[in-house]
Every structure is written in structure tokens, then in C-alpha cells.
Protein chains: 2
Amino acid sequence: MSSVVEPGIVPVRPTPVAARRSVSMGDVARLAGVSAQTVSRVANGAANVDAATREKVLNAMRELGYRPNSAARSLKRGAFHSIGVIVFALSTYGSSRTLDGLAQAASAAGYSLTLMPVEGSNTPDNVNRAFAALAEQAVDGVIIEIEAHRMDEVEIVIPEWMPVVVIASRERSDRPAIDADQATGARLVMEHLFELGHTRIAHVAGPADAYSAIQRELGWHGALEARGLEPAQMVRGDWTPESGYEIGCRLAARPDELPTAIFAANDQMALGLMRALHEHGVDVPSRVSVAGFDDMPESANFWPPLTTIRQDFTGLGVRSVATLLDEMSRPHPRPGFEVVPVELVVRASTARALF
Amino acid sequence: MSSVVEPGIVPVRPTPVAARRSVSMGDVARLAGVSAQTVSRVANGAANVDAATREKVLNAMRELGYRPNSAARSLKRGAFHSIGVIVFALSTYGSSRTLDGLAQAASAAGYSLTLMPVEGSNTPDNVNRAFAALAEQAVDGVIIEIEAHRMDEVEIVIPEWMPVVVIASRERSDRPAIDADQATGARLVMEHLFELGHTRIAHVAGPADAYSAIQRELGWHGALEARGLEPAQMVRGDWTPESGYEIGCRLAARPDELPTAIFAANDQMALGLMRALHEHGVDVPSRVSVAGFDDMPESANFWPPLTTIRQDFTGLGVRSVATLLDEMSRPHPRPGFEVVPVELVVRASTARALF
DNA sequence: TCGAAAAATGTTTACGCAAACATTGCGTGA
DNA sequence: TCACGCAATGTTTGCGTAAACATTTTTCGA
């Protein structure tokens with residue numbers, strides 16, 4: 001059960017600086033010898049302003065170094081032109097790339113991004129706290145990217161008036177969600193391995209509470225099932241290269257049970273896995289093929305270069321922003337699930353199965 | 001010469017949504033049977049409110065789902081409780097980790113982060129544009145992180161009233177700057193290699209327009225000079241693993257000129273470099289030692305695990321935010337240069353020189 | 001040349017909040 | 001008992017902007 005977040009009780013510390021008073025429209029108007037409204041019109045590019053007047057006002061603006069006050073503007077217009085982003089951590093490759101995509105897309109649409117990191121772990125409580133903080137911030141909508149397997153309506157309370165788009169987590173029926181096509185990605189990897197003649201294919205999965213981890217795992221399992229093959233080992237890591245390394249050591253410790261191919265749920269774990277295999281004298285790919293998921297910039301230069309799934313993080317960002325803008329334009333949420341295509345990148349870490 | 005950015009002429013597109021009118025203090029006050037001012041006092045945690053009254057108001061807030069309007073609050077108080085961040089790209093490991101550190105620190109201090117990506121390349125023009133956009137956004141101060149070698153006063157115009165902290169770029173005398181201790185990092189790597197008996201040490205440098213690239217390069221050169229050693233090859237890459245790979249291929253093509261150790265300016269290039277060496281049958285570290293800079297999460301699982309410099313990105317973020325808050329509290333900028341310590345991490349990619 | 005329409009510009013007002021000042025009511029000590 | 005002080009609460013005001021409406025000036029056809 002999640003605790004109730006008190007509405008707006010947090011005491012805001014007083015501004016330390018003696019607010020350096022800035023230039024207002026009135027100042028510009030006085031200097032230009034016009035009314036404040038005319039200044040406003042010039043500032044907003046209204047058409048019905050005489051060219052000479054506009055020039056006068058622009059000069060006054062320059063002279064005084066006028067900058068529109070976005071707080072006043074937002075107050076008046078009821079919109080902030082800013083998108084809030086709730087992220088769990090930027091430490092993983094995928095999340096920072098996605099954020100980059102979001103930033104580009106938002107900037108192109110004339111919006112800025114307000115970051116709201118989830119503190120500690122991504123428990124519903126902490127996410128709700130981030131939401132509360134963001135609700136009081138100046139945002140017109142929110143994009144949630146917390147890699148959570150479950151985003152249950154009961155646990156994570158989204159204010160109904162707030163336009164929201166969810167990334168990398170589908171389990172909500174009330175809001176639109178977007179994600180890379182995890183299922184297809186996993187299937188592409190498996191089909192590639194099948195074509196190379198592999199039948200004993202293990203899986204190094206991600207944490208059970210990560211949505212994408214579950215999707216990839218299901219993809220692995222489903223592909224085997226569809227061919228009537230017995231699933232080989234399935235071991236769960238935590239996305240880090242270290243967990244991949246440990247799992248690799250454990251697998252290599254029993255050479256007789258070693259599969260001919262391993263599908264790791266991300267590139268980092270694949271990297272650790274390959275190091276473990278190297279250390280144990282298991283050659284990749286001649287003895288064991290390894291495939292990953294993400295296509296980090298490093299993956300092409302792993303040893304050996306890694307076969308993996310390339311995700312279109314920029315596309316994901318663009319689609320998310322577009323969907324959020326659409327959400328903001330309609331009175332009610334339009335739930336749905338949108339998928340961004342992925343691509344198989346074949347490199348040297350996978351090879352034909354020997355036996 | 002940099003173009004002048006027009007003040008606030010960009011037409012702001014009208015809000016598409018029929019602004020969902022939200023609950024104001026007046027609404028709460030009416031329901032609770034008190035004045036709006038009392039609601040304000042409760043919302044801001046003022047002490048002089050009767051317990052019973054406070055409870056009444058809190059109940060009314062909950063019932064109506066009241067959220068403070070931050071635009072009005074900012075307008076009234078002249079502060080936004082938000083920090084702007086100008087980043088060039090989040091695609092590199094260091095920049096996204098630093099951003100993560102900034103986000104944590106800002107959040108802890110009660111500030112949110114407003115992201116302003118620099119579009120295209122990080123030319124002074126584009127940076128100025130980002131600044132102009134940010135100046136109109138609702139921020140109390142700005143942290144600049146654009147990895148620029150030069151941040152000349154003439155080219156990048158920082159509004160004098162705006163509190164600013166610069167990361168990873170020192171060449172300004174008018175604002176405080178913070179960076180990881182690049183020079184010491186480079187020295188630590190070199191001393192480590194010297195201890196292993198290396199004297200022919202090449203350097204794979206970063207792009208000439210990156211401040212940290214220059215610092216590391218100077219560190220490499222200076223350490224050699226201090227020992228009276230002849231610098232071996234110096235080749236410039238662009239931070240990417242691919243550039244490291246290409247350089248590695250070029251180096252390996254002339255085995256007779258091959259140095260006994262290579263210091264790469266970041267881990268990614270070191271990775272590409274090592275792949276090239278593997279492919280050309282040059283063993284790391286027995287034939288050539290390789291060291292990097294950054295300590296990415298992957299580096300411990302490269303093959304071989306990479307000796308490198310660990311940067312304290314979180315510390316960098318914390319220090320930057322603290323310095324910015326300090327800047328915000330004083331009427332005039334306090335220029336200075338602060339350095340965050342780094343740490344040498346010795347792994348398997350470096351070994352005693354054979355000859 | 002006149003008058004109506006259109007264009008340019010000005011005036012009023014309200015957005016939601018909180019500082020500053022004003023008022024009420026209550027308890028305390030002489 | 002009353003005057004005083006102080007805590008609790010109310011009223012007024014203005015932050016900078018832009019919508020709505022009002023007024024002035026210009027344009028142009030008959």
C-alpha cells in the first residue's frame with residue numbers, strides 16, 4: 001500500500017538572493033513610448049503592429065536587455081511549455097539515450113524538459129513522490145521512464161488531469177505507452193540463432209521487476225516453444241556487466257551442460273559473460289555463440305564484436321514527445337500501446353553451431 | 001563573430017488544450033471557510049496557524065486536489081527553484097553520468113533540472129541560442145556542460161545577471177568552473193606506466209576542441225617531459241570506439257614502431273584500440289599495455305579488463321550544484337576553479353614492460 | 001471629399017500567489 | 001478589572017503578462 005503524499009506542504013526555502021529585478025514590458029514600453037500591450041504584441045510576433053513601431057520597440061528591448069518573464073507568461077496563459085520527465089536513473093545506457101532522444105524532440109517542438117529523478121529505488125512510493133514534486137513544478141505533461149515491470153493503477157497514482165506517456169512499461173490501461181519492440185527483437189535474435197543451427201540456447205535475463213527484461217525473456221521462451229525446443233538454462237542478472245560475468249563463470253564451471261548459444265538480455269551482461277567465457281577458455285563464437293540486446297556504441301568493439309539488437313532510442317524519444325503533445329491536446333487520455341521497430345545487427349560473436 | 005540573438009521574438013504557439021482550470025487557493029479557502037492568505041500560510045508551512053484551522057485547510061486541499069501553481073508562486077517570489085543545464089549531448093558516458101549527479105544533487109537541494117540541449121554542433125552560436133532559450137525559461141541559474149575547449153568571453157555571451165557554473169571547461173575568468181582533476185588523472189596513469197618500466201608511451205587523444213582531451217594530452221606530454229623521455233606517437237581520435245579501432249589498426253600496421261604502452265584519453269577509444277590489437281595478433285598486455293580514462297561500468301569487463309582513471313561524476317554533480325547555489329546567493333560572480341579528485345584503477349590491461 | 005471599414009494602438013482586467021499591513025480575539029499581570 | 005501584548009486571521013496590493021474590449025488613426029472606394 002502506498003502512502004498518501006501531502007499536497008504542497010513542503011516549505012519552500014526563501015530565495016537567498018535579493019532578487020535582481022529584471023526588465024519588464026512596462027520598462028520597454030516607457031522607453032519606446034508605447035503601451036505595454038504593444039510591447040507584448042511585438043514580443044509575441046503579432047501581425048498588426050506598424051513596422052516603425054515594431055522597430056522602436058525592438059530597439060528598446062535590446063537597449064534594456066528585455067527578457068520575457070516566463071512565470072508571468074505561464075501564469076497568464078496557463079501553460080508552461082515544459083515537459084516533465086520522471087527517470088529512475090540515468091546510469092544505464094538505454095535510459096540516457098532515451099533521454100537524449102526526448103531532449104532533442106522536445107526542443108524541436110519548442111518545449112523544454114524538466115528532470116525529476118526518482119530517489120532511492122523505484123518503489124511506487126518514491127515514484128509517487130516524484131510525481132507530486134513534478135505536479136507542483138511547471139510542466140504541461142509528463143513522460144515516465146522508470147523501467148518498471150508493473151505500473152499498476154492502484155500503486156502509482158497519476159493525477160487524472162495530467163497528460164502522461166509511459167515508456168518501457170505497459171501495465172496500465174489508462175494511459176498511452178510506448179516502447180521499443182522488445183518482443184520482435186528477442187524473436188529476431190532467436191531466429192538468427194536457429195538459422196545458425198543452434199537448438200540449446202540459454203538466456204541471461206534481466207531483473208524480474210524490469211518490464212523489458214520480462215519481454216525479452218518471454219521472447220526467448222516463446223521462440224523455443226514455437227519450435228518445440230527444450231529451453232536451456234535461464235539465469236537472472238541485474239543488467240550489470242558484473243552479473244553477466246558471475247553467470248558466465250557459473251555456466252563455464254559445468255562444460256558438459258554448456259549450451260551452444262546464449263542470449264543475454266542486454267549488451268552489458270553479454271560483455272561480462274564473454275569475459276567469463278574467455279577466462280575459462282571457452283571460445284566465442286566457435287564453442288558458444290553470444291548475442292546481446294541494445295547495441296551500445298561499445299558493442300561493435302567488444303571482443304568479439306557483439307551480435308545484438310539495435311534500438312532506435314531517438315525514434316523512441318520522438319514518438320514519446322509526439323504522443324504526449326497529442327495527449328495534451330485532448331480532454332481525455334487515449335490509452336494505447338505503440339511500438340518502435342528494432343533491428344538485428346549481426347557481428348562476430350555468433351557463428352554456426354558445431355554440434 | 002557570433003550573431004545577435006533577438007530578444008524574445010519567437011512566437012509562442014498557443015496552447016492547444018482548453019486549459020483544464022485547476023483548483024486555486026481561493027477555492028480551497030472558500031471550502032475551508034478561511035481566507036486565501038491562510039491557505040497560503042498552510043501551504044507554505046507557516047508556524048502561526050492554529051492546529052484546527054490547519055487541519056480544516058488540509059482537508060479542503062485534499063478534497064479538492066489542490067496543487068500550488070508554480071507559475072504564480074514564481075512570479076510572486078521572483079525565483080523558480082529550477083536549475084538550467086546546457087548540455088551538448090547525452091550520448092557520451094561522462095556527460096550522462098554527470099547529469100545524473102546533477103539531478104541527484106539538485107533534487108536533494110529542492111531544485112528541479114531544466115534541460116536545454118544544444119542543437120547541432122556546439123558552436124558558440126548554438127550555445128548562445130541555448131542560452132537565450134534558457135534565459136526565457138524559468139531557471140534561477142545555469143550549469144553549462146558542453147565539453148568545449150574554449151568558452152571565450154567574447155564568443156559565448158553569458159547574461160551578467162545569470163548565476164552560472166561551468167563544467168569541463170576552464171577558459172573563462174568571469175565565472176566559477178568545476179572539473180574532474182584531469183591533470184592528476186593523466187599523471188597517475190603515466191606514473192603507473194613508468195613504474196611498470198614503460199618508456200615508449202603513445203597517446204590516443206580526444207578531439208582538439210574538447211577541454212578534457214587537451215588536459216589529458218598535456219598530462220601525458222608533461223609526464224614524459226618531466227622524465228626526460230621522448231614522446232612516442234600521438235594520434236587524435238573523436239572519443240568513439242571506432243576511432244580507437246582505426247588508430248589501433250594504423251599503429252599495429254607498423255610493428256617496429258609499436259610503443260610498449262598506450263594511454264587512451266577515454267575508455268571507449270581504449271576498447272576500440274584493444275580490438276584492433278587483438279585482430280592484429282598484438283597481445284595486451286604482454287606486448288602492449290593499454291590504459292584508459294573514465295572507468296565506465298563496462299571497463300572492468302573488457303578483454304582484458306582495463307586499467308583506467310575513475311572519475312567521481314556524482315561528486316562533480318554535487319559540487320557543481322553547491323557552487324551554483326552559492327553563486328545564486330551572492331550579488332556578483334565569484335570566479336574560480338575547483339577540481340574533483342580522481343582515482344587510478346589498475347586492472348589487467350597494463351603489465352610490466354618486456355623490453 | 002467624405003465616410004465606412006480596417007488597421008494600429010491604448011486601457012482595463014485577471015491569472016494565482018504571498019508580502020505587507022490591518023484587524024480580531026485571547027490570555028496575562030498589575 | 002482593564003490594558004497590554006501577541007498569536008491568529010483577514011484585506012489589500014502588485015508581481016509581469018496577454019486577452020478582451022475601447023479608442024484612435026489610416027486607408028480606400030464612391
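Sequence lines set the chain letters: A, B, ... in the order given, protein chains first and strands last, and positions in each chain run from 1. Here the structure is a predicted model, which is why all the values come from computation and not from measurement.
Between the C1' atom of dG16(C) and the CZ atom of Arg77(A) lies a distance of 17 Å, rounded to the nearest Å. Rounded to whole Å, atom P of dA19(C) lies 10 Å from atom CE of Met25(B). In this structure, CG of Asp50(B) is placed 7 Å from P of dA8(D), rounded to the nearest angstrom. One interatomic measurement links the two molecules: CZ of Arg30(A) to C1' of dT17(D), which rounds to 15 Å at whole-angstrom precision. Atom CZ in Phe80(B) sits about 11 Å away from atom C1' in dG16(D), given to the nearest Å. Here dG16(D) presents its C1' atom at 6 Å from CG of Leu75(B), a figure rounded to the nearest Å. Following rounding to the nearest Å, Gln37(B) (CD) and dA22(C) (C1') show an atom-to-atom distance of 12 Å. The CG-P distance, from Asp27(A) to dG16(D), rounds to 8 Å in whole Å.
Asn59(B) places no side-chain N or O within 3.5 Å of a backbone atom of Lys56(B) that could act as its donor or acceptor partner. Formation of a donor-acceptor pair under 3.5 Å by the Asp140(A) side chain with backbone atoms of Ser82(A) is found in this model. A donor-acceptor distance shorter than 3.5 angstrom exists from the side chain of Ser74(B) to the backbone of Ala79(B), with no hydrogens or angles considered.
Looking at residues two or more places apart in sequence or on another chain, you find a side-chain contact (heavy atoms from CB on, under 4.5 Å) between Leu31(B) and Ala60(B), Glu63(B), Leu64(B).
Both Gly26(A) and Ser35(B) lie close to DNA chain D; mapped to their nearest nucleotides by heavy-atom distance, the more 5′-ward contact belongs to Ser35(B). Nearest-nucleotide positions on DNA chain C place Asn48(A) closer to the 5' end than the other of Ala36(A) and Asn48(A).
Paired with Val49(B) under the rule side-chain contact (heavy atoms from CB on, under 4.5 Å), one option of Val57(B), Val42(B), Asn44(B) passes, and it is Val42(B).
Phosphate contact (OP1/OP2 of dA8(C), side-chain N/O of Thr38(A), threshold under 4.0 Å): absent. Residue Thr53(B) places none of its side-chain N or O atoms closer than 4.0 Å to OP1 or OP2 of dA8(D). Contact annotation: Arg73(A) side-chain N/O to dA18(D) OP1/OP2 distance is under 4.0 Å.
The shortest side-chain heavy-atom distance between Val142(B) and Met116(B) does not fall under the 4.5 Å cut-off. Counting only heavy atoms from C-beta outward, the side chains of Ser95(B) and Val87(B) never approach each other to under 4.5 Å. Looking only at side-chain heavy atoms (C-beta outward), Phe80(A) and Thr114(A) stay at 4.5 Å or farther from each other.
Residue contacts shown for Val39(B) are absent, as no nucleic acid heavy atom lies under 4.0 Å away. Residue contacts for Ser74(A): at a heavy-atom cut-off of 4.0 Å it reaches no nucleic acid atom on any strand shown. If you check every strand for non-hydrogen atoms under 4.0 Å, Ser40(B) touches a base.
Axis orientation changes by 40° from one end of the helix from dT1(C)-dA30(D) to dA30(C)-dT1(D) to the other, with each end axis drawn from 5 pairs and the value rounded to 10°.
In terms of polar N and O atoms assigned as donor or acceptor, the side chain of Arg41(A) comes within less than 3.5 Å of the base of dG10(C) in a complementary pairing.
Counting only heavy atoms from C-beta on, Ala72(B) has its side chain closest to dG16(C) among dG16(C), dT17(D), dG10(C).
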